Amino acid sequence: MHPIHPDFVPDPSLSQAEMEELQRDIAEVARFEDDLGFSPQGIARPGDAPGVDQTTLSTSDDDPTDPPLVAGVDQAFVDDKAVSAVVVLQNGEVVERVSAVKRTEIPYIPGLLSFREGGAILAAFAELETDPDVVLVDGSGRIHFREAGLATHIGVTLDVPAVGVAKSLLCGTPERSLDETYPEGTRIPIAADDSVETCPDGTVIGHALQTRQYDSPNRYINPLIVSPGHRVSASTAADIVEATADGYKLPEPTRLADSYADEAKATVE
DNA sequence: GCGACAG
DNA sequence: ATCTTGTCGC
């Protein structure tokens, strides 16, 4: 798939002020409400029996009743090269995977991640033949100083529903401390605060989601930070991550993209 | 000036 | 993100 908004493609040569301005434009186009062509409950796991015998039905390539295609995207780095990998799953099974390599042109700057990694990500999506129904992006979406994190930037640019999946909190205030140990399934709303300069304080911009936790003892797992990227609400974003998690902290599409990016590193010189 | 900050 | 040994727990 290719950018539907060429003017939003991240340009690393912009000044920091120009990058921030572009993010504000993107945030205005972003929709943090559900606009999906499927229900999160329709996301099957590996081993789940199809609800209908697909083999006896004449299905078109994009039948809306087909189980959704869920993509995960992640990056690995080798010197000044970024390797982006996209893995697409349906019914919990891999149906396509692609990767692309691009030189990184700027360092990591909190708040401007998409200008470092976005180019490689879009290059990988350009190689993709299938059309995912939703994309899980490694990083923040609406949980961002200007509500335009990596997941939002990618989602809006490609006009595809997108969810941000991060391992730590960039900004915003959790309704409860994230330093405690919570059981699996726990969702803690993240509210906008003064650091989120584009929306009213108190707006729920995402959740901390405990996708996995140890049963008892003295060791614990930190929650995932999930936020809407584009065309999904905060609660549906969490639903989607929960539906694609399968015994690990990270949802399957993200895990597989992560390891595929690592694999693809060996291909780079 | 100080503190905080996805990957 | 990346560099890396040991160590904890089921």
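The shown structure was predicted, so the numbers you read here are calculated from the model rather than taken from an experiment. All heavy atoms count here, side chains included; hydrogens, waters and symmetry mates do not.
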*Short side-chain donor-acceptor distance under 3.5 Å, A/Q75 and A/E117*: yes
*For A/D131, what residues pass the salt bridge (charged side-chain N to carboxylate O under 4.0 Å, His left out) criterion, not counting sequence neighbours?*
none
*asked:* Suppose we screen for salt bridge (charged side-chain N to carboxylate O under 4.0 Å, His left out). Which residues come up paired with A/R97, at least two apart in sequence or across chains?
replied: A/E263
Please produce a list of atom pairs where a protein N or O lies less than 3.5 Å from an N or O of nucleotides 4-7 of chain C.
none

*Is the distance from OP1 or OP2 of B/dC5 to the nearest side-chain N or O of A/S168 less than 4.0 Å?*
no
*Can you tell me how far P of B/dC5 sits from CG of A/D194, to the nearest Å?*
16 Å
*So what's the dot-bracket for DNA chain B: Watson-Crick or G-U pairs under 3.5 Å, [ ] if a pair crosses, | if it pairs off-strand?*
.......
*asked:* Expected output is a numbered-order residue list: members of residues 109-116 of chain A with a heavy atom under 4.0 Å from any atom of DNA chain B. What is it?
replied: A/P110, A/G111, A/L112, A/L113
_Non-hydrogen side-chain atoms of A/F77 and A/K265 separated by less than 4.5 Å_ = no
_Please classify the nucleic acid contact of A/A76 as base, sugar-phosphate, or nothing, using heavy-atom distances under 4.0 Å._
sugar-phosphate
*Between A/F32 and A/H230, does a ring-ring contact (aromatic ring centres under 6.0 Å, His included) hold up when you go through it step by step?*
CA-CA 6 Å; A/F32 303 123; A/H230 183 44; 7.9 Å; no
_Strand DNA chain C as a dot-bracket string - pairs counted if Watson-Crick or G-U with both distances under 3.5 Å, | where the partner lies in another strand_ = ..........
*Determine the minimum heavy-atom distance between A/A124 and A/A100, stating which atoms define it.*
N-CB, 3.5 Å
_Determine whether the aromatic ring of A/Y108 stacks with the base of B/dG7, defined as ring centroids separated by less than 5.5 Å and ring planes inclined by less than 30°._
yes
_A/K167 side-chain proximity, nearest of C/dT2, C/dA1, B/dC5_ = C/dA1
*asked:* Taking any heavy-atom pair under 4.0 Å as a contact, classify A/K265: base, sugar-phosphate, or nothing.
replied: sugar-phosphate
